[in-house]
Structures are given as structure tokens and as C-alpha cells.
There are 2 protein chains.
Amino acid sequence: MALVSENLTKNQKTVLGVLENSSEPMKAYTILYDIQKKGIKSPLQVYRALDKLIEIGKVHKIESRNSYVACKHEGCNAKTSTSFLICEKCDNVTELIGNNLFSYFSKQADKNNFKYNKHCLEIFGLCENCKLKN
Amino acid sequence: MALVSENLTKNQKTVLGVLENSSEPMKAYTILYDIQKKGIKSPLQVYRALDKLIEIGKVHKIESRNSYVACKHEGCNAKTSTSFLICEKCDNVTELIGNNLFSYFSKQADKNNFKYNKHCLEIFGLCENCKLKN
DNA sequence: TGGTGTAATGTTATAATATTACATTTTGAA
DNA sequence: TTCAAAATGTAATATTATAACATTACACCA
């Protein structure tokens, strides 16, 4: 199976490229300003690309910040669910992966007679670097 | 110690009242339309009341939906952290309570050398009623 | 009692985030 | 080749949230 990114369209590749080269999450309009020279003129073009990239799991949205990050994990299965560690001091974001959050949340949901489908988890605090500086 | 709600101002009481009488989370502008007859005319008045209510833990924000809910738990300690079960079919929202999430997330964060401070968790799926109807 | 400082309020304007609507073009499979 | 689905382009607008600044309410206490 070919890499998903080989199937991306021009706009999608452009948007993903900007996100992959960013060390931080980016907002939709920041992305837009960054790529206007590449022929993308309207917010909608960015949002459409983001929608697709999120759908295939190459990009995740950080809900509490209205920001978007490229996923660094090949074949990330977080197409729907996301789990982040967000540094309140430097805004650095790390994705939690490959853990048992799914089963843990399923159990929590069960206790409430709720059928788990997906989740978004955002943990705020201090990243390794900022902890040391304090 | 007196109930916190006794110290609320007029606008804060008005906004909290609307939320407490709603069976669902409400958006800021929906709240605004609902209470314009009570003398609140501008978005800012609603947002300011919401900010305060969130600060004291009487209201929580659902980040993924830009919506707000009154907290039903007396003396809710979720002044900063929130955990919700959100039904994808009927939009019903239930708050998860109990603090075992805190310790679980702290551990997850530790593994990444991250200092936990607070979190927001939104679990999507089917509530009890909607599960049965399916 | 009146001054003082803080919090809350009122009002207008505007910023920031996201979607609708609709016409057109590209793409890829039958 | 043809046709439908997906993607694109463009303008307008909807939705969510904050900035800026003038004014008012109220607790505290000299």
C-alpha cells in the first residue's frame, strides 16, 4: 500500500507541508497567510485541506486552541481520537500514542452506560524543558 | 461558608440561570438571544459572566463544541479540569466526576516527563437512551 | 461620612474562526 | 469517451470571541 500522502492533492500537500515544517501547532489563518504566495487565497481552501488531512489522520486538531498539528507518527491510527500534552509555558505539544487510553475510556464510559466511540484529551502542564527552568 | 452563587452579580446570575434551566449545553450567542429581554445586550456581557462562572466552577466549557454547561455538582472541584461524555446522536452531555482521572493522567504525563496541571477530556459516543434506540 | 480602589458594567467596534453557496475544473473508473 | 465524484476557485457571510474605553456599584476604612 502506497503512503497516503502520495495521494494528496496540491492544496492538501501545501497545507500539510506548512504544518510539518512548523515546530508548533498552527491556526488556520496563520497557515493561510503563510501560503498565499503558493496560490491559496481563501480560508475555505485551507479548511478544506485541513478537513481531508484530519480525515486521513495526517493532521489533528487541538480543540482548546483552534490549532492544527501534523501527525509525526507513520500510519497514525488517531484518525478520530486525539490525546495531547500541551505545555502552558511554551505551547509545545506532544501527542500521546500507543497507550491504553482507549480501553481506559471505554471502561469509564461503560460505568455510565455510555458507548465509547472516540475521544479528545488535552492535558495541560509543563513540558520537560519548562519544568527544569522553573 | 456561604454558597458561591450567593455572591454572583446580576449578569452572572442571569447567565447561570439560563444555563441551569437548559437541558443541553448552550452557545454564548444562544444565551445572549435568550436573555436580551433581561437587559443584556452585548456578547461581551455574556462572555464576561461566563468567564467568571467558569472560574468559580459553576460552569464548564465544552471545547469541541464551543458550548457551555452549568455544573450540577455542588462544590464541583472541576474549576479547571473537565471530563465529559457527549452523545453524538442527541448531544446530551454528562460530566464524569471523581478524581481517578487526575491520577491516571498524572501518570501518563510522568511517562513523558511532563508535569500535569489540568486537563480537558471529551468522550464521544452513544448515551444510554440512544444506544437502546439503535 | 466621604474618599478610594477594585470589580463589574455598558457600549461600540472589530478581530478571529469557520461555513454557505454556487460555478467550474480535474480526475479516474466504467 | 463519458459520466459521476471529488476537488477547486471565489465571494459573501455566519459564528465565536476580544479590544478599547468610559462609567457605575460597592466594600472598606480613615
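All values derive from a computational prediction rather than experimental measurement.
- Checked by atom type and distance alone, the side chain of S81(A) pairs as donor or acceptor with a backbone atom of H119(A) at under 3.5 Å.
- For the atom pair CD1 of I31(B) and CG of L50(B), the computed distance is 5.0 Å after rounding to the nearest 0.5 Å.
- L121(A) and L96(B) fall within a single hydrophobic cluster, where Ile, Leu, Val, Met, Phe, Trp and Tyr are joined by side-chain heavy atoms under 4.5 Å apart, directly or via other members.
- T9(A) has a side-chain polar atom (N or O) that falls below the 4.0 Å cut-off from OP1 or OP2 of dT8(D).
- As rounded to whole Å, 11 Å separates atom P of dG10(C) from atom CD1 of I35(B).
- Using a 4.5 Å cut-off on side-chain heavy atoms (C-beta onward), T94(A) and F114(B) make no contact.
- Spacing between atom CD of E63(B) and atom P of dT16(D) amounts to 13 Å, rounded to whole angstrom units.
- Of all nucleotides listed (dG10(C), dA8(C), dT17(C)), dG10(C) comes nearest to the side chain of N11(B).
- dA14(D) atom C1' lies 12 Å from atom OH of Y47(A), rounded to whole Å.
- Distances from the side chain of K61(A) to the nucleotides dA18(C), dA7(D), dA17(D) place dA18(C) closest.
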Dump every N/O contact between nucleotides 10-12 of chain D and the protein below 3.5 Å, one line per pair.
unit_1	atom_1	unit_2	atom_2	d
dT10(D)	OP2	K41(A)	NZ	3.3

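- Linking ILVMFWY residues whenever their side-chain heavy atoms come closer than 4.5 Å, directly or via other members, places L8(A) and V46(A) in the same cluster.
- Under a hydrophobic clustering in which Ile, Leu, Val, Met, Phe, Trp and Tyr are joined whenever their side-chain heavy atoms come within less than 4.5 Å, directly or via other members, Y104(B) and Y116(B) fall into the same cluster.
- DNA chain C is contacted by both K52(B) and T30(A); K52(B) maps to the nucleotide lying nearer its 5′ end (nearest heavy atom per residue).
- Both geometric conditions, a ring-centre gap below 5.5 Å and a plane tilt below 30°, are fulfilled for Y29(A) over the base of dT17(C).
- Taken together through direct or relayed side-chain contacts under 4.5 Å among Ile, Leu, Val, Met, Phe, Trp and Tyr, F84(B) and F124(B) form part of one hydrophobic cluster.
- Note on N66(B): every side-chain N or O is 4.0 Å or more away from OP1 and OP2 of dT15(D).
- In this structure, Y68(B) reaches the dA17(D) phosphate: one of its side-chain N or O atoms is under 4.0 Å from OP1 or OP2.
- End-to-end axis angle for the helix from dT1(C)-dA30(D) to dA30(C)-dT1(D), using five pairs per end and rounding to 10°, comes out at 30°.
- Using modelled atom types, no side-chain atom of S22(A) and backbone atom of V18(A) make a donor-acceptor pair closer than 3.5 Å.
- If you measure from atom CG of L50(B) to atom P of dT9(C), you get 12 Å, rounded to the nearest angstrom.
- Going from atom CZ of R65(B) over to atom C1' of dT17(C) covers 18 Å, rounded to whole Å.
- A donor-acceptor contact shorter than 3.5 Å is absent between the side chain of E122(A) and the backbone of I86(A).
- A donor-acceptor pair is defined here as one N or O able to donate and one able to accept, closer than 3.5 Å; no such pair exists between the side chain of K61(B) and the backbone of I54(B).
- Atom NZ of K27(A) is separated from atom P of dA15(C) by 16 Å (rounded to the nearest Å).
- In this structure, L8(B) places its CG atom 16 Å from P of dA7(C), rounding to the nearest Å.
- Residue I31(A) contributes atom CD1, which lies 14 Å from atom C1' of dA16(C) at whole-angstrom precision.
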